[in-house]
Each structure stands twice: as structure tokens, then as C-alpha cells.
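Data block below; observations after.
First listed ligand is number 1; within each ligand, the first listed atom is number 1.
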Amino acid sequence: MSVTAVVGAQWGDEGKGRIIDYLASDAHVVIRCQGGDNAGHTVVNDLGTFKLHLIPSGIFHPNCLCILGAGTVVNPAALLEEMAELRAAGLSLDNFRLEQRAHVLLPYHRELDGLEDERRGAASIGTTKRGIGPAYADKAARHGVRVGDLLNPAYLERRLRLTLDSRNDRLRDYGRPPLELPTLLAQAAAWADALRPYIVDSLPFVQNAVQRGHTLVLEGQLAALRDLDWGTYPYVTSSNPTAAGLCQGAGLAPRHLDEVVGVVKAYSTAVGAGPMPTELHDAAGARLRDVGQEFGASTGRPRRCGWYDAVAVGHSAWLNGFSHLAITKLDVLDGWDELKVCVAYDLDGQRVTLLPDTPAMERAVPVYETVPGWREPTVQARRWTDLPLNARHYVERLAELAQTPVRFVSVGPHRDALIVL
Ligand code: GDP
Ligand code: IMO
Ligand code: MG
């Protein structure tokens, strides 16, 4: 029995989905804890290739209960579309549950996200335009609508009446047509019909699983550098993608957590704006993007690529309390003569190893250590000793810098392309 949180240690897209798909084979429950359909979690297994946005990455294991937790913001239209795609691929959703306390991401959230981020102009965050910021803002301002409200039309109408006028005023400011209450209510009624069988109070399931000593996996969305409190604000998302944030979103006290797996890519990538000191604008960056196929799973945007940043991962290691690392995409580094690892930043002439706050981080210059690469392909490696010696040294160096032991090394997107230490 164990409760394991799986979190992104960098800027997202580290391969959380594939690690969770693997861990879920032994899990009773997987809970997606925060975020919304800004996520794109890719899972490649014998059933096919899947890009999950809201459905937890344990869904491929019929005996694993998959909960979309209270800390999430759920666009019902996007969820239903994803459910239809999974059904069309032959999957059952009998093991899926949607927590009644999760917030509903409404059409005006999505529209306002795009408009507001565009209005920021040069200071744009580069959000996924999925409505995440506006939905969490309404939640915090207590203007939100929750999933359970969909099942109570009279209550839902009262909630929407409270908010819709002011949201429509904002849409009109942008020259957009307002949304009509009857249209929204009709849409919500259709969502309620389709989602009713899945909507539950998930807390009894979680309590029961913990009390019986079952295995639970908490699925993180995004990553620590985009954490609302401790990331590179304002270039962050609107939830807390840390182990503590996951506990909160799942309805679990932190003392129930046994392990925290920090998923780290063997190099750095980010989508969206904000400081990324190791970003490469040269042929090396293009090579990482090409070989790693670094294009966003949700938006298709090319990801910014750069060398591994141990300062950034050290920041996440502290915030999350990693018990282990899962190092992904090691195969993407095959065939380089040498590799660089950022071990500190030069900040106005001072060497720093703690992550500076955003404006200072924008001035930070990476201090690199150069390490030897390896020529041999790693894609077939399934045991630690199958890896070339320099690849092992590289992994060991990342572990040393993060002061965290490595549990997993992945060398390809498929579930099986994994070395378990
Ligand atoms: P997540 O959001 O953290 O789940 O990660 P994404 O799915 O957005 O991005 C990870 C991408 O890398 C996906 O396209 C995965 O299929 C792919 N991937 C994951 N692990 C590996 C690996 O070890 N090697 C290679 N080459 N690709 C991988
Ligand atoms: P997964 O879970 C990578 C980025 C956006 C933007 C910032 C805020 O697949 O790792 P938001 O839409 O959340 O308001 O955007 O966060 N971002 C992601 N980057 N992977 C994701 O999800 C992301 N979700 C949001 O690009 O910089
Ligand atoms: Mg992703």
C-alpha cells in the first residue's frame, strides 16, 4: 500500500502521463488533482497513443478507479469530447468518476482567457487559452459553478444569474456578443444528462482506499515552475502543481503521502512566456526540439528547448520533497559529443544556486558544467546496466544535483521503454 504523488519538476510536459500509466497498473485509485484541459498527458501503450487532457492517466487499467478531483476546473464540453474519443478507441469509462466539488469551466472563461492574454500584448503569458485563469479566478472570488450544481437546475440558474451579467459586460468590452442565460442553461442540462452517471462525492472512495491500505496515485498537472505561489509569477498557471497542492485537490492530508515522484525531462522545455535561463536559440535547441518532438500535446505549439537546469529542479525538489526522480527522454540525448548541465546562475556577477524571483531570473545567466555524451542508442535499454556508461554518469549527476535518488529512467514513449531501478 502506498500513496504516491507524481508531479512535474520543470515547466510541464516532462512525461507525467507515461509514468502514471505505468504506476497505475498496480494502483487502486488515480486522482487528477488540479488544473484543467490545459494539460496534455501523452500515454503510449499496447492500446495505442492517447493525449489525455482531463481524464486521469490510469484509465487504461479497468480495475483502477480514476477520479477527476475537487481541485480541478472542468470544461464539460472538452471532457465529453475526450470521453467520446476514448470510447471510440474501445476503452471503457466505467472506472471514471467526477468529483461534485470540481469547478465547471464555462464558455465565458475560455473566451475571456484568450481575449485577456491577447490584451496583455508583449507581456502576454502565452496561456493555453483553455480558460484556466478565469475559471480559478471565479472560484477564488466565489463566483464559481461546481460540477454538482449541474444536477440542480434551479440552484444552477441562481448561481449563473449572479455572475453572467458581469462576464457579459467584459465580453462586450472586447466587442464580443454576450452569452444568453437560456442557452447556457440548455447547454448545462445536456452536460448534466451526459455526466450524471459519473458525478460523485469522491471523498468516501478516497477514505475507503486509504483505510484499506490500497495504492493511490495522485496525478499532477503542469509543474513547479508554473506554480501559482512559487513559480515564475506571473508566467504561471492558476493552481498549485506541487505535492501539497495535489493533496489539497484530492482531499488527502499531507501525512498520508508516502512518496513523491518528481518527473524530470533529461533536458529543459517550456511552452508559454517567462524566464527560462537555459533556453537555446541555436542549432542545439532545434536538435532537441526535432529529436524530442517537442510540440505541445494540447496546443501543438513548438516548445522552447534548452539544457537541463539543476537550479530550477532544485527549487522543485525543495517545494515537493521528492522521494524519487523519474528521468524521462534520456534517449533524446543519444549521439551528442558533450552535454551541458546548468548548475548555478550568474546573477549580476554573483553565483546563485537558489531560484531567484522572476525579474532577477530574467537576468540570470546559466553557469554550465560540460559532461561527456554517449554515442550508443539507449532506446532498447531495459536495465540500468544496458545504458552506456556516460548515460549512467549523466543520470547520476542529475540525481546528485537534485539530492534525490532515481527510481525510473525512460528511453522511449512506450510504457515498456522504462528502466525501473
Ligand atoms: P506530460 O504532460 O508530463 O504527461 O508530458 P507530455 O505528454 O505533454 O509530453 C511528453 C512527450 O514525450 C510525449 O509526447 C511523450 O510520448 C514523450 N515521451 C515520454 N517519455 C519519453 C521518452 O522517454 N522518450 C521519448 N523519446 N519520448 C518520450
Ligand atoms: P501538462 O500537464 C506545459 C503553460 C502555458 C502558460 C502557462 C499558463 O501537459 O504538463 P494556463 O493555460 O495554465 O493558464 O497557462 O502554463 N501550461 C503548460 N505548459 N504543459 C502543460 O500541461 C501546461 N499547462 C499550461 O503554456 O505558459
Ligand atoms: Mg503535457
Would you mind naming the N, O or S atom of Asp13 nearest to the Mg ion (ligand 3)?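 Of the nitrogen, oxygen and sulfur atoms in Asp13, the Mg ion (ligand 3) lies nearest to OD1.
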
Based purely on interatomic distance, does [X] place a nitrogen or oxygen under 3.5 Å from a nitrogen or oxygen of ligand 2?
{"X": "Asp113", "value": "no"}
{"X": "Ala273", "value": "no"}
{"X": "His41", "value": "yes"}

Any N or O of [X] closer than 3.5 Å to N or O of ligand 1:
{"X": "Val332", "answer": "no"}
{"X": "Gly412", "answer": "yes"}
{"X": "Gly15", "answer": "yes"}

Give the atom numbers and elements of ligand 1 that come within less than 4.0 Å of a heavy atom of [X].
{"X": "Ser410", "value": "20 (N), 21 (C), 22 (C), 23 (O)"}
{"X": "Arg303", "value": "8 (O), 9 (O)"}
{"X": "Gly17", "value": "4 (O)"}
{"X": "Val411", "value": "23 (O), 24 (N)"}

Should the proximity of [X] to ligand 2, defined as any heavy atom under 4.0 Å, be assigned to the side chain, the backbone, both, or neither?
{"X": "Glu14", "result": "neither"}
{"X": "Arg301", "result": "side chain"}
{"X": "Gln221", "result": "both"}
{"X": "Tyr235", "result": "neither"}
{"X": "Val236", "result": "backbone"}

What protein heavy atom sits nearest atom 20 (N) of ligand 2, and how far away is it?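 Sorting protein heavy atoms by distance from atom 20 (N) of ligand 2 puts Asp13 OD1, 3.0 Å first.
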
From the options Gly8, Gly292, Pro413, select the one whose nearest heavy atom is closest to atom 16 (O) of ligand 1.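 Answer by nearest heavy atom: Pro413.
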
